[in-house]
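Here the structure comes first, spelled out in structure tokens, and everything after it is commentary.
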2 protein chains.
Amino acid sequence: MARTQGAALDEVDLALLAALLDDAEITNKALAHRLGLAESTCAHRVRALRERGVIRDTRIRVDEAALGYPLQAIIKVRLANHTGPKVTALFEALASIPRVLQVFHVAGVDDFLVHVAVEDATALRDIVLEHITIHPVVRGTETQLVFELRDGSGMLPR
Amino acid sequence: MARTQGAALDEVDLALLAALLDDAEITNKALAHRLGLAESTCAHRVRALRERGVIRDTRIRVDEAALGYPLQAIIKVRLANHTGPKVTALFEALASIPRVLQVFHVAGVDDFLVHVAVEDATALRDIVLEHITIHPVVRGTETQLVFELRDGSGMLPR
DNA sequence: GGTGAAATGGCTGACCC
DNA sequence: GGGTCAGCCATTTCACC
């Protein structure tokens, strides 16, 4: 979540991103044809987007439920004090807990939002008790069950 | 976030998932070699994981800041009442707001957590006022700035 | 039924216009 | 930006255990 904006993106770049966000597995040939570009040009521009860091990486998404972790939750973590090094260390610790999908470090009432996928309620309790409230700097937690998680519309549309 | 567990995953499946989660762009050849499998076997099993829905899809990740949206936030949304159809409709509406990355429908104090990436504070305010609190069913919102978002360790490690 | 091996078609990447 | 070529990869088919 850093990196300055090297050069502005033109319309072709945005169209490439839109197509790749829609279907990351599209072949270069199909992508070029879809945008009316030569295949070599298309490959060049996509490569440039990667090297500039606009496209960070490619990832697979797994079905957590199919893997045996059907229960998802958001655990809000509030701290007792906010001394820099301890906060950073806790951030690291939270991110390395098994079954943690993502950790948001936020400003406001809560300090961290920990998104987890677990097998059952017992596993959820164990994470909270054994991995989170065990840290002295943690003042309290509040757990919210996730009914459903949906992707947003993303960056591209106006 | 559904789908029943068709058949249990064996060790090879888990190893394949671990490798693909680590590097989604690995070639089938390298993946097979890394696990000591034949290339065809490897391709077969990865294909099977996709067809079973264990691997949902492949996506690129973009750098929102590089795209001109350096400010991320979590907007907590609380509802006045929780009648089914209205909640579902709001879910859809939230997910289709521009600059929305993901929407969590949760149980607890808040009803939705909306993760957005915007260009500046003004754009954030506009989303809250023009796209969220504008819905009559929304009782209130609370916005938390995201300092940093980190990936967790995921599903695989013990 | 799952695994290993070979051949074909197609894509990517590099060089040059 | 666009065209060409070589190398490599994925997919399919078939034989084997």
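We use all heavy atoms of the structure for the numbers below, so side chains are in, but hydrogens, waters and symmetry mates are not. Numbers restart at 1 for each chain; the letters A, B, ... are given by sequence-line order, proteins then strands.
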- Task: Return the nearest nucleotide to the side chain of B:Arg47; candidates are D:dT12, C:dG13, C:dT12.
- Result: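 Of all the options, the side chain of B:Arg47 is nearest to D:dT12.
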- Task: Consider the side chain of A:Leu37, meaning its heavy atoms from C-beta on, and name the nucleotide among C:dG4, C:dT12, D:dG2 that approaches it most closely.
- Result: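 Comparing C:dG4, C:dT12, D:dG2 against the side chain of A:Leu37, the answer is D:dG2.
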- Would you say the side-chain atoms of A:Thr41 pair up with the backbone N or O of A:Leu37, donor to acceptor, closer than 3.5 Å?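 No, the answer is negative, given that no donor and acceptor are paired below the 3.5 Å cut-off.
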- Message: Tell me whether B:Asp111 contacts the main-chain N or O of B:Leu79 through its side chain, where contact means a donor paired with an acceptor under 3.5 Å.
- Response: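 Flag set: sc B:Asp111 to bb B:Leu79 pair under 3.5 Å.
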Look at [X] and [N] and indicate whether a side-chain polar atom (N or O) is within less than 4.0 Å of OP1 or OP2.
X: B:Arg45; N: C:dT3; value: yes
X: A:Asn28; N: C:dT12; value: yes
X: B:Thr41; N: C:dG4; value: yes

Nearest-Å distance for atom pair [atom1]/[atom2], residues [X] and [N]:
X: A:Leu35; N: D:dG1; atom1: CG; atom2: P; result: 13 Å
X: B:Lys29; N: D:dT11; atom1: NZ; atom2: P; result: 15 Å
X: A:Glu25; N: C:dC11; atom1: CD; atom2: P; result: 15 Å

- Message: Mind checking if A:Glu39 touches a base, just sugar-phosphate, or nothing, with heavy atoms under 4.0 Å?
- Response: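 Touches a base.
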- Query: Across the strands shown, which category fits B:Ser40 at heavy-atom distances under 4.0 angstrom: base, sugar-phosphate, nothing?
  - Reply: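 Base, at least one base atom sits under 4.0 Å.
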- Rounded to the nearest 0.5 Å, what's the gap from OG1 on B:Thr141 to CG on B:Asp110? Could you check?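 If I round to the nearest 0.5 Å, the distance is 10.0 Å.
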- Work out which heavy atom in B:Ala80 is nearest to a heavy atom in B:Arg139; give both atom names and the distance.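 What the structure gives for the nearest pair is N-CB, 3.6 Å.
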